[in-house]
Engineer: 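Let me begin by handing over the structure; questions about it come next.
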Amino acid sequence: MTDTYRHKGLRKRLVDALRKRGIADEAVLAAIDAVPRHFFLDKAFEEHAYEDKPFPIGHEQTISQPYTVAYMTALLEVKRGERVLEIGTGSGYQAAVLAAMGARVFTVERQEALYLHARALLAETGFSSVRCFFKDGARGLPEYAPYHKIIVTAGAPVVPEPLKEQLAVGGLLIIPVGEDVQYMYRIERLSETEYKEEVLDAFRFVPFLEGVQKKKGDKA
Ligand code: SAH
């Protein structure tokens with residue numbers, strides 16, 4: 001896979017467009033600039049990789065729109081070395097953006113085919129520090145908890161309790177909540193028992209689903 005000057009140029013334009021749309025966090029913009037989004041898309045969409053649009057990645061899932069990735073990443077306030085849990089690996093793009101910000105990334109996917117694809121892709125494209133897991137993210141990833149930050153990239157009907165419990169005190173959970181339309185929730189863990197919840201803008205995500213889905217051809 002190659003990242004040409006043309007790709008780099010298109011990426012600069014995408015970064016400018018995101019800045020115009022209100023993304024002000026320069027560390028986030030630098031990470032978007034650093035990650036070749038076309039690596040994470042099907043060849044068929046490569047020409048469009050730097051448009052501010054979501055695209056299908058197979059298995060009825062989508063790679064989120066760059067604006068959404070930038071918006072959520074800015075809300076996470078990621079600092080170098082922090083442990084970040086992502087639920088919904090999908091293409092692996094959001095995980096790569098978090099890794100580019102210096103986070104220690106753990107990412108969980110419920111569809112085996114996507115998990116296998118993203119894991120191989122992240123390793124191939126220089127993001128081998130990202131640790132990928134094939135699991136139902138509704139239970140979080142207790143083995144490596146607590147996390148400074150948790151990000152959910154599918155629309156959940158409710159906030160899964162285990163995710164709140166796996167946050168470090170002072171940590172943040174960013175999760176879109178709702179059925180047809182989702183509102184972005186910013187949940188901060190204030191102490192062992194207290195959380196502060198804020199409801200932000202509306203988005204549309206693919207649904208957060210229960211259980212895991214084995215690759216077709218494999219027995220469930
Ligand atoms: N962050 C991804 C966005 C992928 S779309 C990217 O950058 O490309 C959301 C993903 O969440 C889908 O791949 C979907 O299969 C996954 N997902 C939905 N519910 C889940 C759950 N309970 N546990 C883990 N992954 C889940």
Side-chain angles (χ1 to χ4, degrees), residues 1-57 61-82 84-105 107 114 117-118 121-130 132 148-155 172 174-176 182-186 200-206:
M1 257 174 280
T2 48
D3 188 27
T4 64
Y5 282 115
R6 190 165 161 272
H7 290 122
K8 290 188 173 90
L10 291 171
R11 212 145 63 232
K12 290 258 178 282
R13 286 191 11 214
L14 171 63
V15 166
D16 285 341
L18 294 175
R19 203 180 268 121
K20 284 207 185 80
R21 268 197 81 178
I23 304 295
D25 187 324
E26 289 299 324
V28 171
L29 293 170
I32 300 272
D33 196 32
V35 179
R37 187 173 185 248
H38 65 281
F39 289 178
F40 297 87
L41 279 175
D42 207 274
K43 261 262 169 248
F45 300 109
E46 188 178 331
E47 275 306 300
H48 306 284
Y50 298 105
E51 293 168 18
D52 191 13
K53 290 183 188 158
F55 288 102
I57 53 171
Q61 305 306 319
T62 56
I63 178 171
S64 305
Q65 184 176 342
Y67 175 76
T68 308
V69 171
Y71 176 97
M72 294 184 85
T73 309
L75 284 176
L76 271 186
E77 300 172 29
V78 176
K79 316 238 170 10
R80 297 201 84 78
E82 280 186 344
V84 179
L85 173 65
E86 178 193 27
I87 308 296
T89 312
S91 67
Y93 176 68
Q94 170 78 72
V97 168
L98 292 166
M101 295 195 68
R104 287 152 67 193
V105 184
T107 182
L114 290 172
H117 187 255
L121 200 58
L122 286 162
E124 245 173 71
T125 53
F127 298 100
S128 50
S129 68
V130 174
C132 298
H148 298 103
K149 310 285 162 67
I150 302 178
I151 175 173
V152 180
T153 65
L172 287 175
I174 307 296
I175 177 170
Q182 291 85 35
Y183 287 88
M184 199 63 76
Y185 277 47
R186 179 192 188 274
L200 308 167
D201 299 306
F203 289 85
R204 236 175 248 277
F205 280 81
V206 295

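Positions are given from 1, in the same order as the sequence printed here.
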Engineer: Measure the spacing between CD1 of Ile23 and OH of Tyr67 and express it to the nearest 0.5 Å.
Structural biologist: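 Atom-to-atom, Ile23:CD1 and Tyr67:OH are 5.0 Å apart.
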Engineer: Say you draw a straight line from OG1 of Thr4 to CG of Leu10; how long is it, rounded to the nearest 0.5 Å?
Structural biologist: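 Separation between the atoms: 7.5 Å.
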Engineer: Going through the distances and angles, do Phe40 and Val35 end up as a side-chain contact (heavy atoms from CB on, under 4.5 Å)?
Structural biologist: CA-CA 10 Å; Phe40 297 87; Val35 179; 3.8 Å; yes
Engineer: Is it true that, when you exclude Lys12 itself, more than 12 heavy atoms of the residues, nucleotides or ligands shown sit nearer than 6.0 Å to its NZ?
Structural biologist: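 For Lys12, atom NZ is not crowded (no more than 12 foreign heavy atoms under 6.0 Å).
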Engineer: Apply side-chain contact (heavy atoms from CB on, under 4.5 Å) to residues Leu172 and Leu75 and explain how you reach the verdict.
Structural biologist: CA-CA 9 Å; Leu172 287 175; Leu75 284 176; over 6 Å; no
Engineer: Do the non-hydrogen side-chain atoms of Lys53 and His48 ever get within less than 4.5 Å of each other?
Structural biologist: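 SC-SC contact between Lys53 and His48 ruled out.
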Engineer: Could you tell me the separation between the CE atom of Met101 and the CD atom of Glu82, rounded to the nearest 0.5 Å?
Structural biologist: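 Going from CE on Met101 over to CD on Glu82, the span is 9.5 Å.
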Engineer: Got a sec, which residues hit side-chain hydrogen bond (donor to acceptor under 3.5 Å, both in side chains) with Tyr93, two or more places apart in sequence or on another chain?
Structural biologist: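 Applying side-chain hydrogen bond (donor to acceptor under 3.5 Å, both in side chains) to Tyr93 gives none.
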Engineer: I need the minimum non-hydrogen distance between Phe127 and Ala96, along with the two atoms involved.
Structural biologist: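 Answer, listing the atom of Phe127 first, then Ala96: CE2-O, 3.7 Å.
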Engineer: Is there a side-chain contact between Leu98 and Ile151 in this structure, where contact means two heavy atoms from C-beta onward sitting under 4.5 Å apart?
Structural biologist: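 Yes; the side chains approach each other to less than 4.5 Å.
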Engineer: The test is side-chain contact (heavy atoms from CB on, under 4.5 Å); show your working for Thr89 and Leu114 and say whether it passes.
Structural biologist: CA-CA 8 Å; Thr89 312; Leu114 290 172; over 6 Å; no
Engineer: Please report the shortest heavy-atom distance between Val105 and Ala95, naming the atom on each side.
Structural biologist: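 Answer, listing the atom of Val105 first, then Ala95: CG2-O, 3.9 Å.
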Engineer: Could you tell me if Ser91 and Gln61 have a donor-acceptor pair between their side chains, going purely by distance under 3.5 Å?
Structural biologist: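 Short answer, no.
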Engineer: Any side-chain heavy-atom pair from His148 and Val84 closer than 4.5 angstrom?
Structural biologist: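 His148 does not reach Val84 side chain to side chain.
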Engineer: Quick check: do Leu14 and Asp52 have side-chain heavy atoms less than 4.5 Å from each other?
Structural biologist: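 Touching, per the 4.5 Å side-chain cut-off.
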Engineer: Answer yes or no: is there a donor N or O on one side and an acceptor on the other, between the side chain of Tyr50 and the main chain of Arg37, under 3.5 Å?
Structural biologist: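 Checked: pair present.
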Engineer: Could you tell me whether the side chain of Leu122 reaches within less than 4.5 Å of the side chain of Cys132, counting heavy atoms only?
Structural biologist: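 With C-beta onward as the side chain, the pair touches.
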Engineer: Does any non-hydrogen side-chain atom of Gln94 lie less than 4.5 Å from one of Thr73?
Structural biologist: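 Answer yes - side chains close enough.
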Engineer: When rounded to the nearest 0.5 angstrom, what is the spacing between CG in Leu76 and CD1 in Ile150?
Structural biologist: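 Output value for this atom pair is 10.0 Å.
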Engineer: Quick check: closest heavy atoms across Arg11 and Pro36, and the distance to 0.1 Å?
Structural biologist: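 Minimum heavy-atom contact is NH1-CA, 3.5 Å.
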Engineer: Between OG1 of Thr153 and CD of Glu86, what distance do you get to the nearest 0.5 Å?
Structural biologist: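 It is 4.5 Å, given to the nearest 0.5 Å.
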Engineer: Are the side chains of Phe205 and Val152 in contact, using a 4.5 Å heavy-atom criterion?
Structural biologist: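 A side-chain contact is absent here, since even the closest heavy-atom pair is not under 4.5 Å.
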Engineer: Does any part of the side chain of Met184, heavy atoms only, come nearer than 4.5 Å to the side chain of Tyr71, both counted from C-beta?
Structural biologist: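 Yes, close enough: below the 4.5 Å cut-off.
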Engineer: Specify the closest pair of heavy atoms between Ala31 and Ala100, including all atoms of both residues, with the distance to one decimal.
Structural biologist: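 That closest heavy-atom pairing would be CB-CB, 4.0 Å.
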Engineer: Take atom CD of Glu47 as the centre, draw a 6.0 Å sphere, and report whether it contains more than 12 heavy atoms from other residues, nucleotides or ligands.
Structural biologist: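 12 or below, so no.
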Engineer: Can Arg19 and Asp16 be counted as an ion pair, charged N to O under 4.0 angstrom?
Structural biologist: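 Asp16 and Arg19: salt-bridged.
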Engineer: Taking all atoms of both residues into account, what is the closest heavy-atom pair of Val28 and Ala70, and its distance?
Structural biologist: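 That closest heavy-atom pairing would be CG1-O, 3.7 Å.
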Engineer: Please check if atom OH in Tyr183 has more than 12 non-hydrogen atoms from other residues, nucleotides or ligands closer than 6.0 Å.
Structural biologist: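 Incorrect, the count does not exceed 12.
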Engineer: To the nearest 0.5 Å, what is the distance between CG on Leu121 and CE on Met1?
Structural biologist: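 Output value for this atom pair is 5.0 Å.
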Engineer: So, does His38 use its side chain to make a donor-acceptor pair with the main chain of Thr2 at under 3.5 Å?
Structural biologist: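 Between the backbone of Thr2 and the side chain of His38 there is a qualifying donor-acceptor contact (under 3.5 Å).
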